[in-house]
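In what follows, every chain begins at residue 1, and chains take the letters A, B, ... in the order their sequences are listed.
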Protein chains: 2
Amino acid sequence: MTVSRKPAPPHAEHAPLQLEHFLPYRLSILSNTISQTIADDYQRRYDISMTEWRVMAVLARFHGLSAREVAERTAMDKVAVSRALARLVDAGRVDRATHDNDKRRSVLSLTEAGWTMHDEVAPMARAREREVLARLDAEEQAWLNRILDKLQP
Amino acid sequence: MTVSRKPAPPHAEHAPLQLEHFLPYRLSILSNTISQTIADDYQRRYDISMTEWRVMAVLARFHGLSAREVAERTAMDKVAVSRALARLVDAGRVDRATHDNDKRRSVLSLTEAGWTMHDEVAPMARAREREVLARLDAEEQAWLNRILDKLQP
DNA sequence: TCGTTATAGTTACATTTGAAACTAATTGCA
DNA sequence: TGCAATTAGTTTCAAATGTAACTATAACGA
């Protein structure tokens with residue numbers, strides 16, 4: 001059973017965070033909102049998760065990657081990539097071959113069906129990005145780019 | 001059994017996303033990195049999740065909130081808040097009373113122990129924020145604030 | 001005032017995610 | 001060589017999360 005405790009009276013010395021001005025919090029809300037908006041687009045139409053789409057986007061850009069390389073490029077961990085690939089291969093969107101000189105490695109690429117889907121989703125994603133950026137003027141957009149470059153880990 | 005499909009040869013007309021210049025992707029990586037760095041700080045020291053810490057931060061700032069109000073302020077859904085509160089009350093960090101005029105509502109506040117923890121974690125979080133912002137000069141910081149204000153949903 | 005509808009919060013179940021252990025293949029070096 | 005250490009990827013099990021259904025209380029309108 002959980003015991004009810006007395007609340008402690010708040011005092012001025014506590015200095016709580018003001019979340020509405022706290023950078024990590026604001027970034028988190030903004031990022032989640034934007035990513036979810038894009039995800040809604042393709043999740044409604046295709047049965048695919050955000051992680052799967054990210055894997056596809058990377059495979060569209062770079063050809064013949066291994067699973068580990070996909071993990072590096074998506075900043076996802078290898079277990080997540082392994083699972084996403086299992087579903088994508090199963091759904092016929094990704095082809096998985098074995099590397100000639102290293103039988104541990106997979107050699108990944110989009111299938112016809114994968115490319116077809118990619119070619120529908122990518123423009124939608126770009127359109128959403130434009131919608132967000134449209135709320136900024138050209139000068140602000142330039143600063144945002146510069147700031148993200150400097151903050152990028 | 002999963003069937004291996006032939007890869008489709010990539011063609012120029014596909015126009016893949018360049019993730020490294022794609023705003024939603026960059027924001028997501030940045031936000032996750034920052035939030036995780038802060039979370040590492042308090043998860044090592046206290047046994048508390050990111051959602052629990054967010055609830056505590058809101059309760060430090062606003063007194064006597066109900067669970068629903070916490071959900072609104074944290075942009076979390078009510079089930080997540082309910083679960084976080086269950087753990088926090090159990091751990092003696094949050095006090096939960098019942099509203100005088102509405103027995104459905106809880107009236108939430110930090111306990112002594114909750115405040116003690118808050119007063120150690122909040123400065124660490126602020127320090128991490130400062131570390132991030134230190135990579136920007138004053139002008140860039142001002143633009144970042146302005147940009148986030150405009151993008152905030 | 002009684003019955004319908006709405007709200008606060010919790011519980012149950014299914015799905016997702018993460019960490020660690022595992023298999024298989026490769027590398028490196030004694 | 002041949003054996004220990006590394007690497008690629010998967011599986012397993014536990015914890016976290018989301019959705020829907022549920023309980024209890026309150027509000028509202030005929």
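Annotation: side chain to side chain donor-acceptor pair (under 3.5 Å) contacts of E69(B) (sequence neighbours excluded): S66(B). Residues meeting the side chain to side chain donor-acceptor pair (under 3.5 Å) test with D149(B), sequence neighbours left out: R26(A). By the ring-ring contact (aromatic ring centres under 6.0 Å, His included) test, F22(B) is found to be paired with no residue, residues two or more places apart in sequence or in another chain being considered. In this structure R126(B) satisfies the salt bridge (charged side-chain N to carboxylate O under 4.0 Å, His left out) test with no other residue, sequence neighbours excluded. Looking at residues two or more places apart in sequence or on another chain, you find no side chain to side chain donor-acceptor pair (under 3.5 Å) involving R45(A).
Straight-line distance from the CG atom of D77(A) to the C1' atom of dT17(C): 9 Å, rounded to whole Å. To the nearest angstrom, P of dT16(C) lies 14 Å from CD of Q36(A). Taking atom CG on L108(A) and atom P on dG9(D), their separation rounds to 7 Å, with Å as the unit. Across the protein-nucleic acid pair, N101(A) atom CG and dT27(C) atom P stand 9 Å apart, rounded to whole Å. The CD-C1' distance, from E52(A) to dT17(C), rounds to 13 Å in whole Å.
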What pairs of nitrogen or oxygen atoms, one from the protein and one from nucleotides 10-12 of chain C, lie under 3.5 Å apart?
{"residue": "dT10(C)", "atom": "OP1", "partner": "R96(B)", "partner atom": "NH1", "Å": "2.6"}
{"residue": "dT10(C)", "atom": "OP2", "partner": "S82(B)", "partner atom": "OG", "Å": "2.6"}
{"residue": "dT10(C)", "atom": "O5'", "partner": "S82(B)", "partner atom": "OG", "Å": "3.4"}

Check: protein-nucleotides 3-7 of chain D nitrogen or oxygen pairs below 3.5 Å:
{"residue": "dT7(D)", "atom": "O2", "partner": "R104(A)", "partner atom": "NH1", "Å": "2.5"}

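S49(B) has no side-chain polar atom (N or O) that falls below the 4.0 Å cut-off from OP1 or OP2 of dA16(D).
A donor-acceptor pair is defined here as one N or O able to donate and one able to accept, closer than 3.5 Å; no such pair exists between the side chain of S28(A) and the backbone of P24(A).
Listed by first then second residue, pairs satisfying salt bridge (charged side-chain N to carboxylate O under 4.0 Å, His left out) with a partner in residues 74-88 of chain B read E52(B)-R87(B), not counting sequence neighbours. Residue pairs meeting the salt bridge (charged side-chain N to carboxylate O under 4.0 Å, His left out) criterion with at least one partner in residues 55-68 of chain B, sequence neighbours excluded, are E20(A)-R61(B), R68(B)-E72(B).
Closest contact between the side chain of R105(B) and the listed nucleotides dA8(C), dT25(D), dA8(D) involves dA8(C).
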